[in-house]
Amino acid sequence: MDQLPIDEFLTDLCPFEKQLDLDDYLGEAPRWCQGCGDLGILTAVQKLLRDNQAEPTEVVCVSGIGCSSRFPYYLKAFGFHGIHGRALPISTGVALANPKLKVLTVMGDGDCFSIGAGHWVHAIRYNVNLLAMVLDNEIYGLTREQTSPTTPLGTRTRTTPKGAFLPPLNPLQLMLGVSNLSFLAQTATWLPQHLLATLQQAYRHQGLAFVRILQHCPVFSPQAFGEGGKDAELMEFLYHVQGIAIDPALERFGGRREHDPADLATAQRLASEREREPLGLLYQNPDLPSYETIRHAALAHPSPAEKLTLLNRRLDRLAPEG
Amino acid sequence: MKQRLEKIFAQGFQDLQQQLLQRIAASLEPVEAWLRSEQEAERQHPPAPDPYLDERILRGLLREINIRSKLSHAEWERLEEVRARIDTVRAQIQDQAPAPLLLDQNDPAQIQQAFETHYGYYAELFRDLRILDLSLAGEYLPELHDSALSAFSWKELTDREMALIPPLVVFLATERPLVETTALALKLLTTGLPLKLLALQQNIQTPRETGRALAHRFHPDLGFFGLSLRSAYVLQATEDIESFDQEVMAALRSPRPALLSLWDGTGDDPRQSQLALASRVFPYLRYDPELGLDCTSCLEIGKNPHPETAWVSEILPLPGGGEEERPLTFAEFAWHVLDQKEEFAPLNEPGPENPSLADYLEMETDERHHLRPYILVSEAGETRVLLPSNNILYQCQDRMRLWRSLQSLAGADQPSEDAAVAAREDSPQEIAGRIAAEREQAVAQALQTLSRKLLGLEEMELALGGEDFKLDLRGLDEALSSSGTAPPATGAAGPSDLPWIETKLCTACDECTNINKRIFVYDKEKQAVIKNPRGGPFRDIVKAAEKCSAAIIHPGKPLDPKEKDLAKWIKRAEKYQ
């Protein structure tokens, strides 16, 4: 048997000593623009996986189409760059096929709230066990500045050169109205600790954890969300013992309001008022069973011997008589 | 310029004749010495009729022992043959000193042919010398060397041998569009032949496009283009630089292909070439690939006036009295040298919408809206204010981009780093002296404060706990702790004036690290920290603060008081302090 110094054995071979660090989640070098919030979200997700010591081989990152949907290339894990608006059905399939995998779904506001809206509503209703992130910068960036469902009223874009005619969709209000919602939080790219803490809580949640991440596009929507958090009047942190911790360093980015994440009615009111963007955990129901659990319970689970009997019975039926 | 170059060629290769003859002699000497001794012996001792002791037989025997013993008859014959050939070449070299072969025509096929002939002649000589050396050492192996040396060409020559061959110099025709000259240079330099291409630039070819086409137009620049070849020696210079002759000779003597772009100008006005150099229109650069593996080691731009600044300035009297520092840009060059007077409109007095051209060029694009920059020119003792056209402005910007690129490639855009290095090179005695002086000053100040307080006891009681009773020891601690190697505090900025980042709030957006990786790096949590506040100019720190999407960079105060446009950057930094 080969002889090894003990320190080498411990660091290289001993499985208990192996700690995953940020470098273990580095994929390709990101090609997002400088100053893009996506870079910070990528870092936050890498930290999330590092903190949970998630093996890259046990994580699947699924995305749709858009700037944000380049995410799987830059994260070292299994990846699926899907088609426009279909990140959630693909993620649902992955989660159902192999419940052991941790599924991260990354979408943009156009991807999820527009072409993917049908899937969006039903994914929430199904409550499959996955972490869904919408990187909302109120614009289509990859295709260069078209109006998205969250683009504010009057914003001039290439598709609405005279300014957007409709007030924006309120995704929080919509999600808080969907049956079977189990987790909804909102955070922003300019709040790195809050972003990570939110993702941590979502990661631990059993069921579909939906996180909307506010950001601005440095090229096409630099003004979004008070120029990316520069206007504290527009934001409000939600705090509660069950909610997301607020680092004192972040207080200059917005006011504070106590909110119990178990209180759906208040969450709906908060979302619909739209005076300030609520940051934190809007709603969580940890007791809602995930779709996998319900499905598992509803279906029969025969033992191998029973399966064989069932199969034989089926085959016997096909055999010619006599 | 051509006369000067001819003089350089004549003087620069004078020693070549002597060196070549010495090299030939080094190989021929043993054979000739022996021949001489044989002839001498024959003259002194004519063959005696004595049949018992024949001197000739004896000498023959000795010769056999010395040289012939190692050589067969065939080998001896080969030696004689080679010696005769070398002798012929030697006579030719003695007769006419070797000089560079100058070619004025630009047909690649003909140049290649001329090269093969020119270098072939010398390659044959060096092949013969090698045969001679190997034969005399008894190391000539026909089965190995016959085939190898029969296919001998200039490609097999060593660097020392190459250095003894006068180069082949091709004068590139510069009256054609520069794009064509550049294409020809590329074609010739990539043949792999060690050609020396010489372009005498008489003019700067300026594009005449308008609108967008002007901005997108490729402005060829022969010297800068040469850098992209990486393996060629490149020299771009005007006559005004220090030791111009040596620079040209170094390029011609390099064993590599070389591209020499020299300013010739039109007419005899010496100010033309001075202005071409000072206005960065035709900056000096020397790229010697032998000097290292990275561009900074190989590229030298130090002979430009003020190589660390963007522009060279001169003081001009203003029309309404007073003086103004005027930077020399492409615009001045266009007015004085290119004589493009139609590109300028006169202006009585600069208004608020008329910044000076140098200020204008430093502005960001969005700051330039509705501004028309002006320049000052002095003509017949009178100073005039002129507005350059868009064409001129684009070219000024293009030249600035070229110069900045050169500065950064040559590592000249980091003056503060240089200053830190220079400070580090102070001797320990100097540092110790400075510390002693600062200590003395601090003690004197303390005594002065104390005595002042002692005179008014009541005041002292108040002041002891207050702000007044505080020794100014800024910089002293740092200087004491760093006694020896690290630079002492400059005095321009104390520790509290250093830039800082609220690292916890960093969103890892890559803005600052892309602006200057020597100043900003990520920590192990991938959040930005300041690695070295002296890693770059203050303007980089301010730019990073402006770009930072989380607005968490606080630039502090500049560490290098000599940095350019400091007042402007300090003002821009105020918002982020």
Side-chain angles (χ1 to χ4, degrees), chain A residues 19 21-26 29-51 74 135 137 187-197 213-219 221-222 224-232 246-253, chain B residues 212 364-369 401 404 408 499-531 535-537 539-556 572-577:
Chain A
Q19 284 286 317
D21 59 27
L22 287 181
D23 289 350
D24 293 313
Y25 303 101
L26 291 184
R31 286 168 55 196
W32 288 313
C33 306
Q34 278 181 38
C36 179
D38 291 357
L39 292 155
I41 300 170
L42 176 65
T43 306
V45 168
Q46 287 165 337
K47 286 182 186 172
L48 171 76
L49 297 176
R50 189 264 324 260
D51 293 349
Y74 310 143
L135 281 50
N137 59 7
T187 180
T189 54
W190 56 90
L191 311 166
Q193 300 95 322
H194 193 263
L195 171 63
L196 181 56
I213 305 172
L214 311 181
Q215 64 177 118
H216 72 314
C217 167
V219 181
S221 64
F225 304 112
E227 293 182 39
K230 295 205 169 63
D231 189 351
I246 304 161
D247 191 297
L250 299 180
E251 287 188 349
R252 69 173 197 236
F253 290 99
Chain B
R212 300 198 69 79
E364 304 286 338
T365 316
D366 53 354
E367 293 174 307
R368 292 183 181 175
H369 282 307
R401 181 173 289 142
R404 287 261 161 93
S408 77
W500 63 288
I501 296 187
E502 294 169 82
T503 299
K504 266 174 94 175
L505 296 176
C506 169
T507 63
C509 71
D510 287 359
E511 287 281 10
C512 58
T513 53
N514 276 327
I515 287 174
N516 193 321
K517 287 190 173 58
R518 283 182 287 249
I519 304 176
F520 303 101
V521 291
Y522 283 128
D523 62 8
K524 67 178 179 17
E525 284 298 298
K526 212 184 166 199
Q527 289 187 301
V529 290
I530 290 184
K531 182 186 167 201
R539 68 164 184 273
D540 282 0
I541 301 175
V542 181
K543 276 186 195 168
E546 288 173 342
K547 285 268 183 183
C548 176
S549 56
I552 52 163
I553 299 176
H554 307 283
R572 277 169 69 163
E574 272 170 12
K575 246 165 82 176
Y576 306 97
Q577 295 297 6

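Keep in mind that what you see is a predicted model, and the values were worked out from it rather than measured. Each chain gets a letter, A, B and so on, in the order the sequences are listed, and its residues count up from 1.
Residues of residues 542-550 of chain B that come within less than 4.5 angstrom of chain A, heavy atom to heavy atom, are B/S549, B/A550 in numerical order.
Heavy-atom neighbours of A/K230 NZ from other residues, nucleotides or ligands within 6.0 Å: above the threshold of 12.
Side-chain atoms of A/C36 and A/Q215, non-hydrogen and from C-beta on, do get closer than 4.5 Å to each other. Side-chain contact between A/Y25 and A/K47 is absent, with no heavy atoms from C-beta onward closer than 4.5 Å. A 4.5 Å side-chain heavy-atom check between A/D38 and A/P30 finds every atom pair outside the cut-off.
Panel note: side chain B/Q527, backbone B/K504; a donor-acceptor pair is recorded below 3.5 Å. Distance alone, capped at 3.5 Å, places no donor-acceptor pair between the B/H554 side chain and the B/P499 backbone.
Residue B/C506 touches chain A through its backbone alone, counting heavy-atom pairs closer than 4.5 Å. Neither the backbone nor the side chain of A/D21 comes within less than 4.5 Å of any heavy atom in chain B. Proximity to chain A (any heavy atom under 4.5 Å) is shown, for B/E525, by both the backbone and the side chain.
Relative ring orientation between A/W190 and A/F225 is described as tilted, the plane-to-plane angle lying within the 30° to 60° band.
Remark: of the listed residues B/I515, B/I519, B/I501, B/I501 is the sole one forming a side-chain contact (heavy atoms from CB on, under 4.5 Å) with B/I553.
The candidate with the highest count of non-hydrogen atom pairs below 4.5 Å against chain A, out of B/L505, B/D510, B/I552, is B/L505.
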